[in-house]
Each structure stands twice: as C-alpha cells, then as structure tokens.
Amino acid sequence: MILRTLTTGIILLALARGAAAQDVDLSWRDLDGLTPAQIGDRALAGLDHEEIVAIEVNRAALTAQGEHRVLLHELPKRLGEVGCVRTVWDVTLLDAPDVSERHRQMALAGRRSAKRVAYSPDRPCLFADFVRVSGISPEQAMAGLAHLAEWRSQERALECGDTSGSDICTRPQAAISMARQTAPLVIGREGAEWWYALRPGTRLRLADDLTAPARLELRIPVPF
C-alpha cells in the first residue's frame, strides 16, 4: 500500500533566533545555501527537535497578505514493526513592514508541531509516505493504517454514498478502485469506526469488525 505525501523542496527562509517567536528580523540571504538541518536549527532554536531533513511550503494553509507558512520535516523513526512516525513543524513567517525591505527581511511569527505516521513494513522510514493524524495518538493511527491494509488485502463489501454530484457510486468498479487504491491523506477515528480522508470531500469508513461493510462517502468539500 502506498501512502501519499506532499512534494518537498528546499526554500529560503528568514527566521528568528531564540526560544520564542518574537519580532526579530533577519535577511533571508543569511540562510541562502544552508541545509535543511541548519535551517531547522535556526527556526526551532530553543525547542527540542530531531534533525530537519526536508522543508516545503505549506500550500494547504490559508494565509493573509504578507504571511508565509512552511513545513519542517524531522528525521522519521520506527514505530513498532511496520510503522514510522515523524514530527512536522509548521512555521509562520511575516514580511517586514517596511516595503523597501519586504523582499529581503522576514520575521518569525509562530511555530507548532504535529505528528505524522506511515505504514511501511517493507522499506526504510526515510522513504515512507506519511499521513496526517487527526485527534488520535500515533500508536492509534498506526493501528488504523494496519487495519486499512488488512481490509485492502481481502475481498469485502463496500457501500457508497454520494452527495457531491459525482457519478462514482453509479460505477461500482470506480468506487472499489477509489476505496482500495487511493492513498489516504488523513486518518482519524469516530466511535467504533476508523475514517480515512482519501481526498478533499471523500472518506472511507471501516468498522473494527472487518466483516461489516465498509463505506465510501463523497461530499462537496467545504471551501475552508
């Protein structure tokens, strides 16, 4: 099973030095040519963190004018026999208020972290594809991903509900293919069910009892 992750790319940042996100301006040129690990040390100064191995723009975040969000990915670790876990830091940067300095200066405005997990029984964690976790622990998320892998390895009943206006549910093979092959982006749990966001507006739900029918839900995604 393949779990999707976002494309990573190195970017140039301007970050505050210190334990708190304060109004400290640095030239982005100070960071030109640094490795992700070196940038991570500056961005996360004063915080406990593993080595940063990749940086990407957080394109999913809604930002105000002059605000920038970037994701710093820590070196992943093994979680049990078949799983991996890593911390991803969401760093907020603000343009300098002086227009003449705007393309040279930024200020660090915030830092927060979240866990991501991957089901990776047959390849190193560094090469695994990670999934966002919603409201559950990394250990629970790994149990949920293993549950999904088990369901996908068997022939099980699938129900389909569609309020999005698509025709997926009228085409059984298309619905089955989506449920069995689409990589989850987010995993969570409600009651006695696991849910997997396969794409915006689309969730697969699995009961703890794998003999119960799974359900594919398609809805019009909210704009924000």
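- When atom types are taken as modelled, the side chain of Glu193 and the backbone of Glu190 share no donor-acceptor pair closer than 3.5 angstrom.
- The nearest pair of heavy atoms linking Thr87 to Ser113 is CG2-CB, 3.6 Å.
- Glu56 CD to Leu72 CG: the interatomic distance, rounded to the nearest 0.5 Å, is 9.5 Å.
- Side-chain N or O atoms of Tyr196 include none that pairs as donor or acceptor with a backbone N or O of Leu206 at under 3.5 Å.
- Using a 4.0 Å cut-off between a side-chain N of Lys or Arg and a carboxylate O of Asp or Glu, Glu50 and Arg86 do not qualify as a salt bridge.
- For His68, the side chain to side chain contact (heavy atoms under 4.5 Å, CB included) partners are Leu93, Asp95, Met106, not counting sequence neighbours.
- Here CG of Leu145 is found 10.0 Å from CG of Leu79. Values are rounded to the nearest 0.5 Å.
- Within a 6.0 Å sphere centred on CG of Asp48, heavy atoms belonging to other residues, nucleotides or ligands number 12 at most.
- Considering only heavy atoms from C-beta on, Cys84 stays 4.5 Å or farther from Lys77 through its side chain.
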Criterion side-chain contact (heavy atoms from CB on, under 4.5 Å) on Lys115 and Ser137, from CA distance to verdict: CA-CA 8 Å; Lys115 298 294 185 182; Ser137 70; over 6 Å; no
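- Every residue two or more places apart in sequence or in another chain that forms a side chain to side chain contact (heavy atoms under 4.5 Å, CB included) with Glu159 is listed here: Pro213, Arg215.
- Counting all heavy atoms, side chain and backbone alike, Leu216 lies closest to Ile168 at CD2-CG2, 4.4 Å.
- Between the SG atom of Cys160 and the CD1 atom of Ile176 there is a distance of 10.0 Å, given to the nearest 0.5 Å.
- Side-chain atoms of Glu51 and Asp41, non-hydrogen and from C-beta on, never get closer than 4.5 Å to each other.
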Derivation and outcome, side-chain contact (heavy atoms from CB on, under 4.5 Å), residues Leu71 and Asp90: CA-CA 5 Å; Leu71 300 174; Asp90 189 340; 3.9 Å; yes
Trace of the side-chain contact (heavy atoms from CB on, under 4.5 Å) decision for Glu139 with Val117: CA-CA 9 Å; Glu139 291 77 12; Val117 298; over 6 Å; no
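- Proximity of a side-chain donor or acceptor of Arg152 to a complementary backbone N or O of Arg180 within less than 3.5 Å is detected.
- The CH2 atom of Trp195 lies 8.5 Å from the CD1 atom of Ile187; values are rounded to the nearest 0.5 Å.
- A donor-acceptor contact shorter than 3.5 Å links the side chain of Arg111 to the backbone of Ala43.
- For Glu81, the CD atom counts as loosely surrounded, since its 6.0 Å shell holds 12 or fewer non-hydrogen atoms of other residues, nucleotides or ligands.
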Residues Ile52, Trp89; criterion side-chain contact (heavy atoms from CB on, under 4.5 Å); working and verdict: CA-CA 9 Å; Ile52 300 302; Trp89 294 86; 4.3 Å; yes
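- Nearest heavy-atom pair, Phe130 versus Cys125, reported as atom, atom and distance to 0.1 Å: CE1-O, 3.6 Å.
- Nearest heavy-atom pair across Leu185 and Pro200 is CD1-CD, 4.4 Å.
- Panel note: side chain Arg203, backbone Leu198; no donor-acceptor pair is recorded below 3.5 Å.
- Of all the heavy atoms in Ile136 and Gly188, the pair that sits closest is CD1-CA, 4.1 Å.
- Atoms CG and OG1, from Leu94 and Thr92 in turn, are 7.5 Å apart once rounded to the nearest 0.5 Å.
- Scanning all heavy atoms of the two residues, the minimum distance from Val85 to Pro138 falls at CG2-CB, 4.0 Å.
- Once rounded to the nearest 0.5 Å, the distance linking CH2 of Trp194 with CG of Asp208 reads 7.5 Å.
- Side-chain contact between Leu148 and Tyr119: absent, with no pair of heavy atoms (C-beta onward) separated by less than 4.5 Å.
- With hydrogens and angles disregarded, a donor-acceptor distance shorter than 3.5 Å links the side chain of His147 to the backbone of Ala207.
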